[in-house]
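Keep in mind the model is a prediction, meaning the values are calculated, not measured.
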Amino acid sequence: MLKLLLISLLSFSTIIQAAITIEDSRGPQSFKATPQRIASLNWTLSEQLLELDITPLAMTDQAGYEVWVRQPALPAEIEELGSRSEPNLEKLARLKPDLILINEVHNSILPRLEKIAPVLFFKTFSAEHSNPQAAIKVYRQLAQLFGRQQLAETRLKAMQEEFRTLRQQLSEAYSGQLPKVTTVRFANPSSVYIYGNNSMSQYALEQLGISPALPQPNSQWGLVQKRVLELSKIQQGTVLYFEPFAQWPKLAASRLWQAMPFVRKGHIQAVPATWTYGGAMSLKYLAQTLTDSLLKIAPIELSEKKTSGNKKSGNKTSGNKLSDNKRRVS
């Protein structure tokens, strides 16, 4: 009898030790075992899973993800759950997940979701915290839940090394005089979202050694909406705008736009679609695409060294380069 009691106690102790506890935005959450069937109702959290080499059972709006987020690529076997704001809860219930990941958008349906499966809620974007640091924290919490801590730390370290490499490339291209840069996303030809102090893109630029050309205060999503005219305040800096923006030809043809100081100087460049509200690894993708765009409008002197062996034809090349920049933004 005593032997059976000891075995029972040992078994109970093993179960307690096997429990996994992580912290979401509501506090500590415990799991008896590692979840295997995960549904994600948010692009950012889907991205975080994929960057841990975990394929979610189901997620929302895969078509939109492939246009706006793009990286990492989605495996074909993921089930579709409809829109991010109104996911298909009936289908979600039929899929029988053992974990559902949500963010602040889904607060109103949290009680209904908890009837389907355990829920982890992450307040991913807020004016009260650093959005980039919050994304990294969530990445580490999920890594702990799924036993992928070593993988997560390896990738975070590699991201820091990538920042250093990209920073060196830019320093060489700009002869150590990095420009001030502001990133934007156009709503339409007269309205623009300017990324500011709490944004993922500004964090990426900071890792490259770059400060903002038009500083903006903290906000939930790290951006403020302004009239395009607001950008005229940028006298010396550079503007990078995120694609896609279907109305770009209309904006570029306007007299207001052509009069902007940074446009006249050729200090404007498009950035291929890169998600600016992503997870931890999106910071690396942002740094890469922002670097690529800045290298395209790097100082003329560097281009001369690469293309003409440092020949004495600077003035002619400078004129051609300036013309190229004008054509690019018009």
Side-chain angles (χ1 to χ4, degrees), residues 22-27 29 38-52 56 59-61 64-65 67-72 81 83-87 99-110 113 119-143 145 152 156 159 182-187 191-207 212 214-226 240-242 271 273-287 289-290:
I22 69 166
E23 187 173 329
D24 72 357
S25 296
R26 296 174 295 173
Q29 307 293 331
I38 307 104
S40 172
L41 307 189
N42 170 263
W43 286 345
T44 300
L45 295 170
S46 299
E47 176 199 324
Q48 299 272 43
L49 289 176
L50 293 167
E51 293 291 359
L52 290 169
M59 64 175 284
T60 51
D61 193 7
Y65 178 103
V67 172
W68 294 95
V69 185
R70 302 177 65 187
Q71 298 184 84
L81 289 174
S83 75
R84 289 175 293 161
S85 58
E86 297 182 356
L99 175 64
I100 302 170
L101 300 180
I102 67 170
N103 73 344
E104 55 271 22
V105 173
H106 307 104
N107 269 335
S108 62
I109 60 171
L110 177 57
L113 294 172
V119 176
L120 283 177
F121 161 59
F122 293 104
K123 190 175 183 180
T124 49
F125 287 85
S126 170
E128 281 70 51
H129 65 216
S130 164
N131 289 331
Q133 292 297 337
I136 293 171
K137 180 179 179 180
V138 171
Y139 187 59
R140 284 183 163 135
Q141 290 295 310
L142 291 174
L145 175 60
L156 288 170
M159 180 170 69
T182 283
T183 53
V184 305
R185 192 182 295 275
F186 291 105
S191 179
V192 62
Y193 294 103
I194 305 173
Y195 289 96
N197 199 38
N198 204 30
S199 67
M200 306 293 276
S201 58
Q202 185 162 310
Y203 179 91
L205 287 170
E206 288 170 357
Q207 306 315 300
L214 188 61
Q216 301 296 322
N218 274 21
S219 63
Q220 179 179 2
W221 300 100
L223 79 173
V224 293
Q225 187 171 14
K226 301 277 189 176
L240 300 179
Y241 70 93
F242 289 100
V271 181
T274 311
W275 193 227
T276 50
Y277 313 102
M281 291 299 109
S282 72
L283 297 168
K284 178 183 71 173
Y285 302 135
L286 279 164
T289 53
L290 292 170

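- K137 and E23 make their closest contact through NZ-OE2, 4.4 Å (heavy atoms, listed as atom of the first residue, atom of the second, distance).
- The main-chain N or O of L41 is found under 3.5 Å from a side-chain atom of H106 such that the two form a donor-acceptor pair.
- The backbone N or O of A135 lies less than 3.5 Å from a partner atom in the side chain of Q48, making a donor-acceptor pair.
- Here K284 contributes atom NZ and T274 contributes atom OG1; the two are 12.5 Å apart, rounded to the nearest 0.5 Å.
- Judged by distance alone, with hydrogens and angles left aside, the side-chain atoms of Q216 form no donor-acceptor pair with the main-chain N or O of I194 at under 3.5 Å.
- You'll find the side chain of L145 reaches within 4.5 Å of the side chain of L99, heavy atoms only.
- Here the CD atom belonging to Q207 is positioned 8.0 Å from the CE atom belonging to M159, to the nearest 0.5 angstrom.
- Of the possible donor and acceptor atoms, one in the side chain of N198 sits under 3.5 Å from a partner among the backbone N and O of S126.
- Side-chain atoms of R26 and L110, non-hydrogen and from C-beta on, do get closer than 4.5 Å to each other.
- Listed by chain and residue number, Y195 satisfy the ring pair (Phe, Tyr, Trp, His ring centres under 6.0 Å) test with F242 (two or more places apart in sequence, or in another chain).
- Nearest heavy atom pair, residue A187 against residue Y193, reads CB-CE1, 3.6 Å.
- Contact between L49 and S40 at its shortest, heavy atoms only, is CD1-CB, 4.4 Å.
- Residue Y65 qualifies as enclosed at atom OH: its count of foreign heavy atoms under 6.0 Å is above 12.
- Closest approach of S191 and Q225 over heavy atoms only: OG-NE2, 2.8 Å.
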Item to check | Verdict with supporting geometry, N42 and F122, side chain to side chain contact (heavy atoms under 4.5 Å, CB included) | outcome: CA-CA 10 Å; N42 170 263; F122 293 104; over 6 Å; no
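- Atom OG1 of T276 is separated from atom CG of L223 by 7.5 Å, given to the nearest 0.5 angstrom.
- The nearest pair of heavy atoms linking M200 to G279 is CE-O, 3.7 Å.
- Judged by distance alone, the side chain of Y139 and the main-chain N or O of E51 form a donor-acceptor pair under 3.5 Å.
- Between T183 and V271 there is no side-chain heavy-atom pair separated by less than 4.5 Å.
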Checklist entry - Should T44 and T124 be marked as a side-chain hydrogen bond (donor to acceptor under 3.5 Å, both in side chains) after you check the CA-CA gap, both sets of side-chain angles, and the distance that decides it? => result CA-CA 8 Å; T44 300; T124 49; 5.4 Å; no
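- Atom CG of residue L101 and atom CG of residue L113 lie 11.0 Å apart, to the nearest 0.5 angstrom.
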Checklist entry - Step by step, would you call Y203 with Q133 a side chain to side chain contact (heavy atoms under 4.5 Å, CB included)? => result CA-CA 9 Å; Y203 179 91; Q133 292 297 337; 3.5 Å; yes
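- Counting only distance, with no hydrogens or angles, the side chain of N131 and the backbone of Q220 share a donor-acceptor pair below 3.5 Å.
- No donor-acceptor pair closer than 3.5 Å links the side chain of Q141 to the backbone N or O of I22.
- What you find for S85 and V105 is that their closest heavy atoms are CA-CG1, 4.5 Å.
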Item to check | Full working for side chain to side chain contact (heavy atoms under 4.5 Å, CB included) between V119 and D24 | outcome: CA-CA 10 Å; V119 176; D24 72 357; over 6 Å; no
Item to check | Trace of the side chain to side chain contact (heavy atoms under 4.5 Å, CB included) decision for L120 with L45 | outcome: CA-CA 10 Å; L120 283 177; L45 295 170; over 6 Å; no
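- Here the CZ-OG distance, from R185 to S201, works out to 8.5 Å after rounding to the nearest 0.5 Å.
- Rounding to the nearest 0.5 Å places CH2 of W43 at 5.0 Å from CH2 of W275.
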